[in-house]
Amino acid sequence: MLDPKLIREAPDLVRAAIARKHLKVDLDAALGADAAWRALLQEAEHLRSVQKSANAAMATLPKGSPEFLAKLSEMKAVSAQIKERDGALKAAEERCREAMLTLPNLPHESVPEGRTPEENVVFSTHGDVAGAGPFAVAHWDIPGFSRLFDFERGAKVTGAGFPFFIGDGARLVRALINFFLEEDVKSGYAEVSPPIFVNAASATATGQLPDKEGQMYETTPDRLYAVPTAEVPLTNFFRDEILDEASLPVMRCAYTPCFRREAGSYGKDVRGLNRLHQFDKVELLKWVHPSASYGELDRLRNDVEGLLRKLEIPYRVLLMCGGDLGFAQSKKYDLEVWAAGQKRWLEVSSCSNFEAFQARRAQIRFRPRESGKAELVHTLNGSGLAVPRVLAAILENNLEADGRVRIPAALVAHFGKSHLSFS
RNA sequence: GGAGAGGUGGCAGAGUGGUCGAAUGCGCCUGACUCGAAAUCAGGUGUGCCGCAAGGUACCGGGGGUUCGAAUCCCUCCCUCUCCGCCA
């Protein structure tokens with residue numbers, strides 16, 4: 001959510017910024033709803049103040065006295081009026097809130113102009129893309145693949161997109177999770193193991209609700225949502241709280257399975273490990289002082305890049321253009337690994353600065369020593385990292401002539417041996 | 001899942017229909033005393049929203065209701081604690 005004051009005071013600035021995201025947004029509707037709400041609010045508050053002073057007077061009058069009875073009948077009318085006004089006020093407030101929630105976050109000035117994913121800027125490229133995976137094939141075509149990654153039985157037991165990971169496949173998943181968590185902790189993120197179901201209030205605060213409920217798995221009869229990312233429980237940890245300024249930046253990491261219904265996805269994107277309904281991911285979260293958030297974004301991206309460098313996977317960093325920025329982000333980098341068999345880039349992390357957009361919705365603040373007046377923090381997050389696609393890149397890039405997969409040196413200690421075998 | 005108790009300001013804890021945004025204590029801030037500190041004394045000390053301002057208004061777990069008027073009465077939901085049951 002944007003700052004309503006900013007929208008009122010500088011609508012043109014907001015309009016121009018939103019235009020850079022190439023979204024169709026009815027700012028005038030929001031402005032109108034806001035003005036209508038404020039007008040009603042003033043009327044309603046005036047009526048209340050009349051009522052309050054009358055009530056104070058009545059409190060001092062003898063109960064059955066003529067003056068008391070006169071006031072009483074007079075106030076009955078006012079009370080009825082207030083009830084009616086309050087109804088209108090509530091409706092106006094709801095309309096206003098809904099209109100405000102349709103407004104996207106403003107892109108940062110450093111975000112490049114652009115409408116489509118093709119206009120994202122390649123910020124940097126690392127590693128030897130051309131020379132990667134001399135024996136590469138798409139991972140699902142590796143002989144024996146289905147012995148370690150059993151999609152058919154997963155489909156039987158649960159559904160498409162819920163594979164079993166078996167033997168060395170399972171072992172590699174576990175090794176990656178461990179590697180990510182331990183590296184992230186070394187970078188200063190405190191490890192958290194959060195709930196993987198959240199309630200509606202949490203899903204609303206991070207923006208999954210009300211619009212994207214079709215993308216989450218929902219439980220019956222408790223109406224809990226399986227987390228699409230650890231970002232949801234992690235961000236909500238401090239919902240409606242005021243943090244100690246000295247504790248900023250707060251940095252945390254969490255491993256969770258992630259659940260995404262991905263309704264409407266199809267085609268080559270979903271083959272093999274590229275896109276699953278359930279996958280493992282380690283997420284990084286930062287709650288920071290507003291003045292520090294862009295420096296923290298660079299550091300976050302660097303921390304994630306460090307993981308890919310240690311795994312010796314060629315990757316590139318994209319700086320998302322306005323049109324490909326998410327609804328809630330001010331600035332976002334996507335990290336993509338090179339999958340030599342598919343000859344395509346796979347997104348394994350996006351590192352975003354939400355500025356105060358999420359914090360306003362979730363009411364996460366800090367109290368500056370100077371003013372003593374609570375202010376919204378800035379929130380950032382990034383994957384560090386998503387397991388299956390990293391795994392896919394390792395399978396493809398590190399496939400050797402004998403059909404085994406070489407485990408990156410940094411991972412050997414976690415995996416326990418130097419090669420993964422499909423037989 | 002069953003039975004009971006309870007949710008009030010940073011914390012503890014009063015308050016069962018009217019002048020209660022709310023006693024009191026602790027904590028915190030300011031001042032006095034002091035070379036300084038402690039102790040003591042005096043004063044102050046919640047948050048949000050609307051408003052150019054003066055000011056107004058809302059908030060006693062959430063929502064709804066009764067009433068001229070609700071922290072206080074009624075309904076409902078949530079949460080916490082104690083005991084019992086079940087259980088990794």
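In the text below, chain A, chain B and the rest are named by the order of the sequence lines, each starting its count at 1.
Rounded to the nearest Å, the gap between the P atom of rG44(B) and that of rA53(B) is 26 Å. Nucleotides rU40(B) and rA54(B) have their P atoms positioned 38 Å apart, rounded to a whole Å.
Residues Tyr333(A) and Leu300(A) have side chains not in contact (no heavy-atom distance under 4.5 Å, counting atoms from C-beta outward).
Cation-pi geometry between Arg171(A) and Phe415(A) is met: the NZ or CZ atom falls under 6.0 Å from the ring centre, inside 45° of the normal. Note that Arg260(A) lies outside the cation-pi zone of Phe279(A), set by a 6.0 Å cut-off to the ring centre and a 45° limit from the axis.
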Counting Watson-Crick and G-U wobble pairs with both distances under 3.5 Å, what is the dot-bracket string for RNA chain B, 5' to 3', using [ ] for crossing pairs and | for pairs to another strand? ((((((((.[[[..)..(.....]]]((((((.......))))))(((((....))))).[[[[[..)....]]]]])))))))....
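For Lys63(A) and rG18(B), a side-chain-to-base donor-acceptor distance below 3.5 Å is present, hydrogens and geometry of angles not being considered.
When each of rG18(B), rU47(B), rU57(B) is scored by its nearest atom to the side-chain atoms of Lys52(A), the top-ranked nucleotide is rU57(B).
In this structure Tyr315(A) satisfies the ring pair (Phe, Tyr, Trp, His ring centres under 6.0 Å) test together with His126(A), sequence neighbours excluded. With sequence neighbours left out, the side chain to side chain donor-acceptor pair (under 3.5 Å) criterion links Asn105(A) to Ser330(A). In terms of the side chain to side chain donor-acceptor pair (under 3.5 Å) criterion, His46(A) has no residue partners (sequence neighbours excluded).
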Protein-nucleotides 48-51 of chain B N/O pairs closer than 3.5 Å?
unit_1, atom_1, unit_2, atom_2, d
rC50(B), OP1, Arg8(A), NH1, 3.0
rC50(B), OP1, Arg8(A), NH2, 2.9
rC50(B), O2', Gln42(A), NE2, 3.1
rG51(B), OP1, Arg38(A), NH1, 2.4

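Of the possible polar contacts, none joining the Ser146(A) side chain to the Phe149(A) backbone as a donor-acceptor pair under 3.5 Å is found.
Lys71(A) comes within 4.0 angstrom of nothing in the nucleic acid, heavy atoms only.
Listed by first then second residue, pairs satisfying ring-ring contact (aromatic ring centres under 6.0 Å, His included) with a partner in residues 74-99 of chain A number zero, not counting sequence neighbours.
Of the two residues contacting RNA chain B, namely Val50(A) and Phe68(A), the nearest-nucleotide position lying further toward the 5' end is that of Phe68(A).
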